[in-house]
Amino acid sequence: MSTRLRAEFYWDDEAENWHYRVPALHLTGGGTSLREEAERDCIEAISFALQGDPSEYDPDAVAITFDVSVAPAA
């Protein structure tokens with residue numbers, strides 16, 4: 001199974017830099033001079049968000065792990 005995750009990039013005229021948002025994960029960030037840098041930061045933020053926090057795991061739950069890759073779609 002595969003799914004697509006939308007990331008939006010926009011130029012901030014006032015700050016004169018690039019920002020991103022990933023609506024489905026409630027992520028926002030940026031502040032880079034190049035869009036390519038904002039894209040790299042966005043991929044890193046998505047990967048970090050999907051890792052989760054082990055301190056929030058339920059030790060009594062039956063759990064499985066999914067392999068998830070984060071890369072720009074072709």
**E39 bridged to R35 by N-O distance under 4.0 Å** = yes
**Prompt:** How long is the span from the CZ atom in R40 to the OH atom in Y20, to the nearest 0.5 Å?
**Reply:** 12.5 Å
**Atom pair CG (D41) and CH2 (W18), whose distance is rounded to the nearest 0.5 Å** = 13.5 Å
**Message:** Between I46 and F66, is there shared hydrophobic-cluster membership here, with clusters defined by ILVMFWY side-chain heavy atoms closer than 4.5 Å?
**Reply:** yes
**Asked** Taking only residues two or more places apart in sequence, or in another chain, which ones meet I43 in a side-chain contact (heavy atoms from CB on, under 4.5 Å)?
**Response** V70, P72
**Pairs touching residues 5-15 that satisfy side chain to side chain donor-acceptor pair (under 3.5 Å), sequence neighbours left out** = R6-E8, E8-R21, W11-D13
**Message:** Tell me the closest heavy-atom pair linking A24 and L5, and the distance in Å.
**Reply:** CB-CD1, 3.7 Å
Using residues 48-56 as the side-chain source, report each donor-acceptor pair under 3.5 Å to any protein atom, sequence neighbours left out, with the distance given to one decimal.
{"from": "D53", "atom 1": "OD1", "to": "S55", "atom 2": "N", "distance (Å)": "3.0"}
{"from": "D53", "atom 1": "OD1", "to": "S55", "atom 2": "OG", "distance (Å)": "2.9"}
{"from": "D53", "atom 1": "OD2", "to": "S55", "atom 2": "OG", "distance (Å)": "3.0"}

